[in-house]
Asks: 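Here it is, the structure in full.
The chains referred to below are lettered A, B, ... by the order of the sequence lines, with proteins before strands, and numbering in each begins at 1. All values below were derived from every heavy atom in this structure, side-chain atoms included, with hydrogens, water molecules and symmetry-related copies excluded. No experiment lies behind these values; they were computed from the predicted model shown.
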Number of protein chains: 2
Amino acid sequence: MTSRLEALCLEKGLKMTGQRRVIAQVLSDADDHPDVEEVHRRAALIDTRISIATVYRTMRLLEDVEVIERVDLGDGRARYEEASADHHHHLIDTRSGRIIEFASPELEAIKERIAHDLGYKIVGHRLEIYGVPLDDAGADGQGANGAGPNGAGPNSAGKEQ
Amino acid sequence: MTSRLEALCLEKGLKMTGQRRVIAQVLSDADDHPDVEEVHRRAALIDTRISIATVYRTMRLLEDVEVIERVDLGDGRARYEEASADHHHHLIDTRSGRIIEFASPELEAIKERIAHDLGYKIVGHRLEIYGVPLDDAGADGQGANGAGPNGAGPNSAGKEQ
DNA sequence: TTGGGATTGCGAACGGTTTGCAGTATGATG
DNA sequence: CATCATACTGCAAACCGTTCGCAATCCCAA
Ligand SMILES: [Mn+2]
Ligand SMILES: [Mn+2]
Ligand SMILES: [Zn+2]
Ligand SMILES: [Zn+2]
């Protein structure tokens with residue numbers, strides 16, 4: 001049974017080996033932002049004979065052909081997610097480690113304008129927000145209120161990890 | 001002669017050693033974003049007897065007491081700059097490596113609103129833009145035009161590195 | 001089915017950073 | 001101003017995520 005990502009790999013003309021199929025499977029199933037060790041761990045559940053080196057190599061390969069995207073969340077290691085049509089950023093809950101995805105057209109527009117005004121064309125950018133839940137033991141008042149009306153994107157709800 | 005940062009360190013109650021004084025000097029003089037090796041290199045010009053380990057330890061210390069700030073510009077190593085009152089971000093010229101600082105109140109406001117709407121209080125954030133000069137061999141048209149009227153901050157001109 | 005280039009597993013090497021340890025300096029105290 | 005406990009330093013080894021060389025293996029086009 002070919003996974004979503006395996007199909008993508010075939011389209012890109014990649015040679016499909018057993019380990020690549022397993023990794024593609026793992027990444028297709030994932031809805032979080034696993035690092036290489038985590039991918040390896042999950043892959044090992046399906047097929048024990050996959051080395052971490054191969055996972056590293058495959059992640060790089062998949063990144064190169066833009067099947068997955070590298071995410072830098074500030075902890076030491078590289079994390080990955082399926083390359084998706086909808087660009088987004090991450091808010092990291094520093095208390096729980098939970099990761100919430102968001103998108104903001106306004107923010108992107110401003111960013112674009114800033115670069116342009118400085119005489120630059122954007123070739124990439126990175127934005128992460130680190131925060132703590134408002135309703136927790138927050139020093140600053142304000143009650144909790146669900147995701148609001150602003151451009152906060154496709155998934156105002158959040159994935160974890 | 002006590003440097004600006006040395007004075008700050010004294011205020012914070014840090015024990016001032018010879019090597020710390022030299023490092024404080026180097027950082028006071030710097031107007032770019034040196035990594036640890038670069039700080040060590042510059043420090044060695046003033047006093048040859050400073051080990052890289054001490055520089056690492058001192059940078060961490062100064063970061064902890066908020067005399068300097070760590071900057072992550074995407075290359076492997078940590079870079080640093082003097083902690084300043086005016087918050088800003090960086091646009092990295094991927095062709096030249098030049099680093100341009102900018103600030104944008106609108107951008108900060110939107111970021112604030114996004115987090116709030118998601119139910120979070122911001123404790124930190126990170127934003128970098130990678131770009132290439134518009135007037136270079138840009139594929140996408142538009143002539144060059146200097147820094148514009150938008151909130152692009154305190155130093156629309158740029159520092160290098 | 002075969003053959004050769006691509007891929008794998010292993011361990012060693014990498015680059016940036018941290019750390020254990022023994023020796024040295026600092027600055028508080030008398 | 002001398003003394004001393006403590007904090008700091010240099011060195012080298014360890015660390016952590018990641019890459020790489022190499023020989024063995026696999027994939028897939030012919
Ligand atoms: Mn994501
Ligand atoms: Mn800066
Ligand atoms: Zn964006
Ligand atoms: Zn900001």
Asks: Round to the nearest Å and state the distance from A:R57 atom CZ to D:dC22 atom P.
Replies: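 After rounding, the reported distance stands at 13 Å.
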Asks: When you compare the side chain of A:T2 with that of A:R21, does any pair of heavy atoms fall below 4.5 Å?
Replies: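 No; the side chains remain at least 4.5 Å from each other.
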Asks: Measure distances between side-chain N and O atoms of A:R77 and base N and O atoms of C:dG16, and say whether any donor-acceptor pair falls under 3.5 Å.
Replies: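 Not at all, since no donor on one side and acceptor on the other fall under 3.5 Å apart.
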Asks: For nucleotides 2-7 of chain D, tabulate all protein N/O to nucleotide N/O atom pairs closer than 3.5 Å, reporting atom names and distance.
Replies:
residue : atom : partner : partner atom : Å
D:dA7   : O4'  : B:K15   : NZ           : 3.2

Asks: Nearest whole Å is fine: how far is D:dC8 P from B:R21 CZ?
Replies: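 Interatomic distance, CZ of B:R21 to P of D:dC8: 13 Å.
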Asks: Measure the distance from CG on B:L61 to P on C:dT18 and round it to the nearest whole Å.
Replies: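 Spelled out: CG on B:L61 to P on C:dT18 is 13 Å.
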Asks: Would you please indicate if the ring centroids of A:H125 and B:H89 are separated by under 6.0 Å?
Replies: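 Between B:H89 and A:H125, which both carry aromatic rings, the centre distance is not below 6.0 Å.
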Asks: Do the side-chain N or O atoms of A:T17 get closer than 4.0 angstrom to the phosphate oxygens (OP1, OP2) of C:dT7?
Replies: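 So the side chain of A:T17 is outside the cut-off, no N or O lying under 4.0 Å from OP1 or OP2 of C:dT7.
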Asks: State plainly whether the residues B:D72 and A:R126 are in salt-bridge range, i.e. N to O under 4.0 Å.
Replies: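 A:R126 and B:D72: salt-bridged.
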Asks: Is the shortest distance from a Lys or Arg side-chain nitrogen in B:E106 or A:R113 to a carboxylate oxygen in the other one below 4.0 Å?
Replies: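 A:R113 and B:E106: salt-bridged.
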Asks: How many Å lie between CE on A:M59 and P on C:dT8, as a whole number?
Replies: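 For the pair A:M59 CE and C:dT8 P, the rounded distance is 14 Å.
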Asks: May I have the distance from B:H40 (atom NE2) to D:dC11 (atom C1'), rounded to whole angstrom?
Replies: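 That distance rounds to 12 Å.
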Asks: Applying the salt bridge (Lys or Arg N to Asp or Glu O under 4.0 Å) criterion to B:R70, which one of B:E63, B:E82, B:E81 satisfies it?
Replies: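 Among B:E63, B:E82, B:E81, the one that satisfies the salt bridge (Lys or Arg N to Asp or Glu O under 4.0 Å) with B:R70 is B:E63.
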Asks: With distance as the sole test, does A:R79 use its side chain to make a donor-acceptor pair with the main-chain N or O of A:V71 at under 3.5 Å?
Replies: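 Checking the backbone N and O of A:V71 against the side chain of A:R79, no donor-acceptor pair under 3.5 Å is found.
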Asks: A:I52 near the nucleic acid: base, sugar-phosphate alone, or nothing, with a heavy-atom cut-off under 4.0 Å?
Replies: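 No contact at all - A:I52 keeps every heavy atom at 4.0 Å or more from the nucleic acid.
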Asks: Could you check how far CZ of A:R70 sits from C1' of D:dT19, rounded to whole Å?
Replies: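 One finds 12 Å between C1' of D:dT19 and CZ of A:R70, rounded.
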Asks: Whole Å only: how far is the CD atom of B:E63 from the C1' atom of C:dG16?
Replies: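 After rounding, the gap between these two atoms is 15 Å.
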Asks: Strictly below 4.0 Å: does B:R60 bring a side-chain N or O up to OP1 or OP2 of C:dT19?
Replies: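 Yes.
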Asks: Taking the nucleotide of DNA chain D with the closest heavy atom to each, which residue, B:Q19 or A:A78, is nearer the 5' end?
Replies: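 So the residue in question is B:Q19.
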Asks: Under a 4.5 Å cut-off applied to non-hydrogen side-chain atoms, are B:I122 and B:E112 in contact?
Replies: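 Yes, side chains in contact.
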Asks: What's the OH-P distance between B:Y56 and D:dA14, to the nearest Å?
Replies: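 From B:Y56 OH to D:dA14 P: 18 Å.
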